[in-house]
Amino acid sequence: MRDSIISVGIDLGTSTTQLVFSRITIENLASDFNVPKIHIVDKEIIYRSGVYFTPLLSSTEINAEEVRSLIALEYLKAGINQADVATGAIIITGETARKHNASQVLNMLSDFSGEFVVAAAGPDLESVLSGRGAGADKLSKANGIVVANLDIGGGTTNMSVFRNGQLIHVSCLDIGGRLIRIENGRISYIYHKIKDLALSKNIVLNVGEEADKNKLKEICRIMTQSLAQLLYMETAEPELSRLFTNGAINYPESLKIDAVTFSGGVAGLLYGAKTEDCYQYGDIGVLLAEAIKESAWFQKIKIHQPDEIIQATVVGAGIHTTELSGSTISYDPELLPIKNIPVIRIEDSLVYTGAVEKGYKNINADGMIAVSLSGCLIKNFSDIQSTAEMLLAEMQFLRESRHPLIIVMEEDFSKVIGNAIKVRCKKAGEPCSMICIDGIAARTGDYIDIGVPVKTGRVLPVVVKTLIFNV
Amino acid sequence: MCDVKYSDVANAIFKNSKYLTEDEEIPDLSKLDQQKIYAVENPANAEAFLELKKRTKARIGLGRSGPRYKTDTLLRLRADHAAAMDAVHLPVTEELLERHNLFCVKTLCDSKATYLSRPDLGRLFSEDAIALIKEKCKPDPDVEIYVSDGLSGIAVEANIDELLPAILQGLEAEGIEAGTPFFVKYGRVAAQDQITKVLNAKVCVVLLGERPGLATAESLSAYMTYCGYPGMPELGRTVISNIHRGGTHPAEAGAHIAYLIKEMLKQKASGQDLRLK
């Protein structure tokens, strides 16, 4: 039994806005004589939009109206109605995420694009999506190696590193093709971090001065060195730490990278033919691509062709954000869909510890939350009863404020735990409004979205806005 | 994860064998998860191979000595084979029956040997056995659930503690009342049709030990019928197989079986006639 759903991916980037539609096929892989195991078996892109320049009203404001009509036009061209779209994600990336109306635009588009299209932002998530869109995860799994994808866009370079298909690291540098802009032969914009980076190598660059190709190329070479340091091809200089978009969090001391893929707009120039006019796009993108190609480290590393170059992020958003819950779960259909629910991860325990209420206060939550646990302590039926009682006690304060119980676990026990909870509520004569699903990993700080059941009714589409992706 | 290495256990057996007294127990090789063991020396990428091993129960990536198995591998193969044979011959314990308050009836088989050689007798009961079932069980139940040894007593021992209460709790959550559970010794699947008839049950569920294999001796199945009858076609049975800790965990399987029972009562159907979304 096969079924398919349509997913949309929209990327509002520093320089470009793009959209893809894809078809996600799901199938019960277990035989009729087994408990069902419904999985995603195929992901196929069915429509790609053109590549648009991201419409801006000013250097600090996105032109929301134009973005909306552009997306509406693409839905029309693709012949797809909002109602047909079962899942997907909109991601706002690079410099566009720094515009003051970024979150309004994101939410407006999320509501416009389909009932269960989620809004996402953040350089770490962007790194994961571009890496998966480029196929670095598949490449690492197929060859049993460590593959890094560098998604070099207009505002940022997002790196994701995969070992045997598993995400092991993400980071984001403020290195990109549009961080210096050129209009009518003069410098019209310099991002402050790039100005400082140049200054650290005794190159002074100011807005308004004439665009000197040699000088700009030298700056591009310096930016390129930062990329080499990011890939552990060269020793990191102190300046590198200042270039990280979110600071150098959890950046490993060393990492052996076997191969690299490149994606993003600048990578398009890297793999493409040489262009005549180096200021063709009104920025340093072409020069940056040249500098990378000419650098010594680029000659040394093993480079693979990615699945996607310019559209890696949007394909990642369209195809790789949605997961499926386990196939034996408990849920109250009236509660769905739910969006943007903060997650509180608790240590696995068979007794009440107060961890949920403590976590609730820590994240200043005031509405619904989802409690996430692994389920690794559960060995037998009596552990299940203890876990159900623990969860009921942990979430008692939520039930008192009439919030539903949302439980997300990794191990395949959600249906039996759901039953144990239901029976207890029934005995106490209390209502039991609950979603209890498995097969999903989430941690504190993540947000979770759970959609309406896909046609089979057995599984729910889930998006965890996080770094932990289930394989 | 399994922290113990395969070879550690084998080494312990060999190094200590001469010191073992009769009362001492030899470490149990078959307790190690074979799918988490990779025994090739100087591998290029053990991690990637272990990822692949997660997908199969086949005994691969275990190294070799010339053209032969390593000692560990050979011992494990023999241990698993022995476990499969034990599973057929070991009886279900009294303790298990007591824990779940199950009384015991026998089919027409008088021994394991008869059971193995005469499948027809494993589907029938004596008049005394039928009288006992009638006397002890609630008549006309919506759901009759019973346990049977089938071809693996070990499977019954390994799963019933989780499976039976999980089914009963699932039914309770749905407001469905189950009949009186009991145990059938030397039972074949179709014995359930006699029981359906004797008790006038709507749904009948037998939890039965499966024929053991080298992958596991603990696999159990649930065979379910709606208004079954002796001589009914096999396509009328709904089956959930592969219930064991390495397959579907018995507790989660129990919750799923409760859901299937609910659907059978609702649709008044089982087997090929049951439509699942």
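Here the structure is a predicted model, which is why all the values come from computation and not from measurement.
Rounding to the nearest 0.5 angstrom, the gap separating the CD1 atom in A:I329 from the OH atom in B:Y259 is 11.0 Å. The CD1 atom of B:I160 lies 12.5 Å from the CZ atom of A:F381; values are rounded to the nearest 0.5 Å. Residue B:I257 holds its CD1 atom at 11.5 Å from OG1 of A:T328, rounded to the nearest 0.5 Å.
Side-chain contact between A:F33 and B:R237: absent, with no pair of heavy atoms (C-beta onward) separated by less than 4.5 Å. Considering only heavy atoms from C-beta on, B:E162 stays 4.5 Å or farther from A:S382 through its side chain.
Under a cut-off of 6.0 angstrom, the local environment of NZ in B:K138 is crowded, with over 12 non-hydrogen atoms contributed by other residues, nucleotides or ligands. Heavy atoms from other residues, nucleotides or ligands lying under 6.0 Å from NZ of B:K268 number 12 at most. Remark: B:E177 CD is loosely packed, at most 12 non-hydrogen atoms of other residues, nucleotides or ligands lying under 6.0 Å away. Residue B:R64 places its CZ atom among 12 or fewer non-hydrogen atoms of other residues, nucleotides or ligands, all under 6.0 Å distant.
Of the two parts of A:A30, neither the backbone nor the side chain holds a non-hydrogen atom closer than 4.5 Å to a non-hydrogen atom of chain B. In this structure, the portions of B:H256 lying under 4.5 Å from any heavy atom of chain A include both its backbone and its side chain. Of the atoms belonging to A:D438, it is side-chain heavy atoms, and not backbone ones, that fall under 4.5 Å from chain B. Neither the backbone nor the side chain of A:S140 comes within contact range of chain B; no heavy atom of the residue lies under 4.5 Å from a heavy atom of that chain. Using a 4.5 Å cut-off between heavy atoms, B:N45 contacts chain A through its side chain alone, with no backbone atom that close. Using a 4.5 Å cut-off between heavy atoms, A:Q385 touches chain B through its side chain atoms alone.
Residues B:A166 and A:V416 approach most closely at CB-CG2, 3.9 Å, considering heavy atoms. Nearest heavy atoms, A:N34 versus B:S241: OD1-O, 3.1 Å.
In terms of heavy-atom pairs under 4.5 Å with chain B, the best-connected choice from A:K415, A:K37, A:K379 is A:K415. Between chain A and the options B:P165, B:A251, B:G247, B:A48, heavy-atom pairs under 4.5 Å are most frequent for B:P165.
No donor-acceptor distance shorter than 3.5 angstrom exists from the side chain of A:K422 to the backbone of B:E174, with no hydrogens or angles considered.
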- prompt: Which is it for A:R163 and B:E47 under the side chain to side chain contact (heavy atoms under 4.5 Å, CB included) test, yes or no, and what are the steps along the way?
  reply: CA-CA 10 Å; A:R163 180 194 292 137; B:E47 208 181 327; 3.6 Å; yes

- request: For side chain to side chain contact (heavy atoms under 4.5 Å, CB included), just list the numbers for A:N419 and B:E172, CA-CA rounded to whole Å, side-chain angles, deciding distance to a tenth of an Å, and then say yes or no.
  value: CA-CA 8 Å; A:N419 283 342; B:E172 193 186 345; over 6 Å; no

- prompt: side chain to side chain contact (heavy atoms under 4.5 Å, CB included) between A:N380 and B:D161: does it pass, once the steps are laid out?
  reply: CA-CA 8 Å; A:N380 54 43; B:D161 287 342; over 6 Å; no

